[in-house]
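What follows is a single structure, written as structure tokens, with notes after it.
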Amino acid sequence: MRRTLIALTIAGALAASGCAARSAASQPPAPAAAHQHPASAPATGGDGGRLATQLARARLATARYATNLQAANADGYQIITRMIPDMGWHFLNPTIQGFDVTKPPILVYEHHRRAWQLAAFEWVVPTQPATPPLPGATYGSFPAACHYRDGTFVPAPSQADCPTRSPQTGAAFNFWHPDLVTLHLWLWYPNPDGLYNGTNPYIKPFNRG
């Protein structure tokens, strides 16, 4: 039951927010291909001002996490993927519901030696919203998968197909989710490919994580 509830939290609870984002999962053979993110359209006019205000509020609200993964862990963020190339490590807070740019359900971190740097936020939903929650937002996708407690994962069309232990590490099963629509927001690290692009070429130095 607990596993089902966690899966529903990831795949369904955020749907009411009208937002989307792609939860990256552990380490697929070709993770970049799993994330399909077109370049985001630039916000203009009133949308640009509204977006700037939202981003400023988001940075203020999450500044305590910028270089402090322990603070994020203490506030309920738990690992759901290890390093996904050109993206990062993903940490989910399953208690966060709805879309609020100041309270992202998923934090994406980069890791170098003993240091952690917050780079992006992510939201996930089962279907793409009719109206983007942020001006110019674009979406990606993430296929159905089984996730394990150490952040590893394997693709699987249903929870019944999930091994009870991670094939990579032997870690215990955590949750399964169906196909998801995703939204990344690169708020804490520049991305030359766009604010909402799923991957980021500047992250390549961290790929060995």
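Just the heavy atoms: all of them, side chains too, but no hydrogens, waters or symmetry mates, feed the values below. All residue numbers in this chain count up from 1 along the given sequence.
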Criterion side chain to side chain donor-acceptor pair (under 3.5 Å) against D86, the qualifying member of T199, N197, N207
N207
Quick check: do P201 and P192 have side-chain heavy atoms less than 4.5 Å from each other?
yes
Mind checking whether Q54 and P135 have side chains closer than 4.5 Å, heavy atoms only?
yes
T102 side-chain N/O to R57 backbone N/O, donor-acceptor pair under 3.5 Å
no
Would you say the side chain of Y139 lies within less than 4.5 Å of the side chain of V125, judging by non-hydrogen atoms?
no
Supply the atom-to-atom distance L195 CG to L187 CG, rounded to the nearest 0.5 angstrom.
7.5 Å
Please determine whether side chain to side chain contact (heavy atoms under 4.5 Å, CB included) holds for the pair D75 and Y65, giving the CA-CA distance in whole Å, both sets of side-chain angles, and the decisive distance to 0.1 Å.
CA-CA 10 Å; D75 285 348; Y65 303 140; 2.5 Å; yes
Taking side chain as C-beta onward, heavy atoms only, is H111 less than 4.5 Å from W116?
yes
If you compare all heavy atoms of G88 against all heavy atoms of V108, which two are closest, and at what distance to 0.1 Å?
CA-CG1, 3.8 Å
Nearest heavy-atom approach of E110 to M87 is OE2-O, 2.6 Å
Using modelled atom types only, decide if a donor and an acceptor are shared between the side chain of R208 and the backbone of P205 within a distance under 3.5 Å.
no
d(I203 CD1, W186 CH2) to nearest 0.5 Å is 4.5 Å
Worked verdict on R82 versus T169 for side chain to side chain contact (heavy atoms under 4.5 Å, CB included):
CA-CA 12 Å; R82 296 185 178 189; T169 65; 3.8 Å; yes
Side-chain contact, heavy-atom cut-off 4.5 Å: N73 with F91?
yes
Contact check, side chains of V154 and Y148, non-hydrogen atoms, under 4.5 Å
yes
Got more than 12 heavy atoms from elsewhere within 6.0 Å of CZ, R59?
yes
With a 4.5 Å limit on heavy-atom distance, are the side chains of L185 and Y196 in contact?
yes
Closest approach of P190 to Y202 (non-hydrogen atoms, all atoms of both residues):
O-CD1, 3.4 Å
Side-chain heavy atoms of Q78 within contact of P94, under 4.5 Å
yes
For T81 and F153, run side chain to side chain contact (heavy atoms under 4.5 Å, CB included): C-alpha distance rounded to whole Å, both residues' side-chain angles, the deciding distance at 0.1 Å, then the answer.
CA-CA 7 Å; T81 85; F153 90 101; 5.8 Å; no
Would you compute the distance between atom CZ of F206 and atom OH of Y109 and round it to the nearest 0.5 angstrom?
14.0 Å
Spacing of R165 atom CZ and R149 atom CZ [to the nearest 0.5 Å]:
9.5 Å
I need the F121 CZ to L107 CG distance, nearest 0.5 Å.
6.5 Å
Heavy-atom pair of closest approach, residues T152 and S166:
OG1-OG, 2.8 Å
Atom of C146, atom of P163 and distance for their closest heavy-atom approach
SG-CD, 4.4 Å
Where do H147 and H177 land on the side chain to side chain contact (heavy atoms under 4.5 Å, CB included) test, with the steps shown first?
CA-CA 8 Å; H147 290 254; H177 66 73; 3.0 Å; yes
Can you see which heavy atom on Q117 is nearest to which on Y189, and at what distance?
CG-CD1, 4.2 Å
To the closest 0.5 Å, what do you measure between NZ (K103) and CG (N93)?
10.5 Å
